[in-house]
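Reviewing the structure listed below.
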Number of protein chains: 2
Amino acid sequence: MNSLPHILVVDDHRQIRDSVTRFLERNGMRATAAKDAREMEEKLAKGHFDLMVLDVMMPGEDGLSICKRLSAEKRLPIIMLTALGQDQDRIVGLEIGADDYLPKPFNPRELLARIKAVLRRAPEERLEAGPLSGRILRFGGLTLDTDAHMLTDRDGNRVQLTTADFRLLTVLLARPRTVLSREQILDLTAGRAAGPLDRTIDNQISRLRRKIEMDPLRPTLITTVRSQGYSLNADVEVVE
Amino acid sequence: MNSLPHILVVDDHRQIRDSVTRFLERNGMRATAAKDAREMEEKLAKGHFDLMVLDVMMPGEDGLSICKRLSAEKRLPIIMLTALGQDQDRIVGLEIGADDYLPKPFNPRELLARIKAVLRRAPEERLEAGPLSGRILRFGGLTLDTDAHMLTDRDGNRVQLTTADFRLLTVLLARPRTVLSREQILDLTAGRAAGPLDRTIDNQISRLRRKIEMDPLRPTLITTVRSQGYSLNADVEVVE
DNA sequence: CCGGGATTGTAGCGCTTTGTATCAGCTACG
DNA sequence: CGTAGCTGATACAAAGCGCTACAATCCCGG
């Protein structure tokens, strides 16, 4: 994080929005407000945010729904606000993908402390789908043109990737040297959950290996971690 | 044998310790208990943990102090428990380096949800992403390519290691000339606790020796320390 | 709207890897 | 020497995974 952390505050109550953003700004953060889902999307599309504070009860698309949707695709930490102080609701908020939860009425200083806590454990910014697009990446001797979905191998041969190949590779490249479970990969590439006997990812990996491994029978780039998942074993360099 | 997240529960009340660990274990986690700071240090030194649940009010060194100390050096997510429900104390807990906070009395399900939320944010940094990854190591005349999981012996012969071989070897290489108990090794390689008649590690060692010892019948690299465990007898040099 | 090729999901076989049981040998210690 | 506790090795069964074949689906030009 080069500059101040940028927080997006989404709440339909003008007074809360304003007081929260002002409080955050007085305490070393940058804050932007949005009054509903539509405005939130607008701001999200325009700028970069490090964390979102989201009210559960809102007209239009409500907080829980937004949270579920966002935590599936984006990688933006979310803290939920709600008037419901019951355990049940708090649990739902967390299980749905929020990173933390704060019942109203809350002490602004506690919100600040929780924001800091979440930011502290937010992984350092990695290459994501966004920053990755339109770039040329080099890894393990191969070069990937993310615009053309085209791969160039060590000998300069060009390999055409299918969309599935490409998405899988992108997901792996965004998290080098990290073991990703099949469930995780399926979620990130296809956006769906795995069935009990789902071998889809095994298959995709197998197909991708045939295209990028020097010896597909003894893979080194994409290694299998038994009963855990797969991981990309290479350093990724952004060329352009 | 999925490697479950391992939680360390530190609380001086026996009843809370027991009920929490039991609850976590019934819900897909592995839990270990410690009754004070000393016992905590002991467990931390021996095994791998993904998260710690820490009581604030304890005799001896109290939770806040422990938390402050640990969050400075280690990178272990911490959730604090406390009987104080006041805002002030909650803030102190978070600002001091805890990743979350839960006032007693708490709903176990909420603790579980919060643990999951914190774990989701915490990138799993096990061996894969450890300091040894992406390196070439030399020890006792052998060379290990940690990317390819490939070993080259004195004569240049290449030996393919299975993932279990590799993880075991990595654990040993990270702590050369140190006696590791079977329990410790099992925790570090597979992330699980040993059963009473567990000979898994004996077996793994036996298999690994066949691949790396010059004379597997008279092992010199990996030596047995009777009724203690095993140790790697070589200097490890990072080549690249 | 249709047809054909490319791509992607599903099923299943068979190999490899790994955990458990068991036995036999070894060591320490009387 | 004899015994008890460890350890090493072998055998076996279960689980995980790679790969092939095939079915379903997508894509795109006509």
Side-chain angles (χ1 to χ4, degrees), chain A residues 149-151 159-171 179-183 185-231, chain B residues 1-4 149-151 159-171 179-183 185-231:
Chain A
H149 291 207
M150 178 84 82
L151 198 68
V159 183
Q160 187 68 40
L161 298 177
T162 69
T163 45
D165 291 336
F166 178 73
R167 301 192 71 171
L168 173 57
L169 183 55
T170 308
V171 164
V179 177
L180 294 169
S181 70
R182 291 163 225 284
E183 172 76 23
I185 295 174
L186 194 62
D187 188 24
L188 291 166
T189 56
R192 63 192 177 86
L197 297 171
D198 209 317
R199 304 289 306 280
T200 305
I201 294 305
D202 294 283
N203 210 326
Q204 300 271 7
I205 291 276
S206 174
R207 280 165 176 149
L208 182 56
R209 274 175 174 162
R210 255 172 266 164
K211 296 189 177 180
I212 72 173
E213 290 283 356
M214 238 141 74
D215 178 3
L217 294 178
R218 228 165 295 124
T220 58
L221 263 176
I222 302 176
T223 52
T224 304
V225 181
R226 191 186 171 89
S227 80
Q228 301 290 304
Y230 298 96
S231 83
Chain B
M1 66 140 251
N2 240 343
S3 121
L4 307 171
H149 293 203
M150 176 92 79
L151 199 67
V159 183
Q160 186 70 35
L161 299 177
T162 69
T163 45
D165 292 335
F166 177 73
R167 301 192 71 161
L168 173 58
L169 183 55
T170 310
V171 164
V179 178
L180 294 168
S181 72
R182 291 171 174 71
E183 170 73 23
I185 295 175
L186 194 62
D187 183 19
L188 293 166
T189 55
R192 63 191 178 88
L197 297 171
D198 209 317
R199 303 293 308 282
T200 305
I201 294 304
D202 294 285
N203 209 327
Q204 300 271 6
I205 291 276
S206 172
R207 281 167 175 147
L208 182 55
R209 275 175 174 162
R210 258 172 262 165
K211 295 190 177 181
I212 73 173
E213 291 284 356
M214 241 143 73
D215 178 4
L217 294 178
R218 226 163 305 119
T220 57
L221 263 176
I222 301 177
T223 52
T224 305
V225 181
R226 193 185 167 84
S227 78
Q228 299 293 307
Y230 298 96
S231 83

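All values reported here derive from a predicted model rather than from experimental measurement. Labels below follow one simple rule: chain letters A, B, ... track the order of the sequence lines, proteins then strands, and each chain is numbered from 1.
Here C:dT20 presents its C1' atom at 17 Å from CD1 of B:I205, a figure rounded to the nearest Å. When the P atom of D:dC17 is taken as reference, atom CD of A:Q228 falls 9 Å away, rounded to whole Å. Here D:dA13 presents its C1' atom at 18 Å from CZ of B:R199, a figure rounded to the nearest Å. To the nearest angstrom, P of D:dC6 lies 13 Å from OH of B:Y230. What separates CD of A:E183 from C1' of D:dG16 is a distance of 17 Å, to the nearest Å. Atom CG of A:L168 is separated from atom C1' of C:dT7 by 14 Å (rounded to the nearest Å). Going from atom CG of B:L161 over to atom C1' of C:dT16 covers 15 Å, rounded to whole Å. Here the C1' atom of nucleotide D:dA9 and the CZ atom of B:R218 are 16 Å apart, to the nearest Å.
Note on A:R167: nothing from the nucleic acid sits closer than 4.0 angstrom, heavy atoms only. If you check every strand for non-hydrogen atoms under 4.0 Å, B:L197 touches nothing.
When the local axes at the two ends of the helix from C:dC1-D:dG30 to C:dG30-D:dC1 are compared, using 5 base pairs at each end, they differ in direction by 30° after rounding to 10°.
In summary, the side chains of A:S206 and A:R210 do present a donor paired with an acceptor at a separation below 3.5 Å, with no hydrogens or angles considered.
Atom CE of A:M150 has more than 12 heavy atoms from other residues, nucleotides or ligands within 6.0 Å.
If you check C:dT20, C:dT18, C:dT8 against the side chain of B:R192, the one that comes closest is C:dT20. You'll find that the side chain of A:D202 is closest to D:dG18, out of D:dG18, C:dT17, D:dT7. When distances are taken from the side chain of B:R226 to each of D:dA9, D:dT7, D:dA15, the shortest belongs to D:dT7.
Remark: A:T162 is in phosphate contact with C:dT8, judged by side-chain N or O atoms under 4.0 Å from OP1 or OP2.
One N or O donor and one acceptor, one from the side chain of B:R207 and one from the base of C:dG19, sit under 3.5 Å apart. In this model, no side-chain donor or acceptor of B:N203 finds a partner on the base of C:dT18 within 3.5 Å. Under 3.5 Å, the side chain of B:R209 and the base of D:dG8 form no donor-acceptor pair of N or O atoms. Taking 3.5 Å as the limit, the base of C:dT20 and the side chain of B:D198 contain no donor-acceptor pair of atoms between them.
The heavy-atom pair separating A:R192 from A:T200 by the smallest distance is NH2-OG1, 3.8 Å.
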Full working for side chain to side chain contact (heavy atoms under 4.5 Å, CB included) between B:Y230 and B:R209: CA-CA 12 Å; B:Y230 298 96; B:R209 275 175 174 162; 3.9 Å; yes
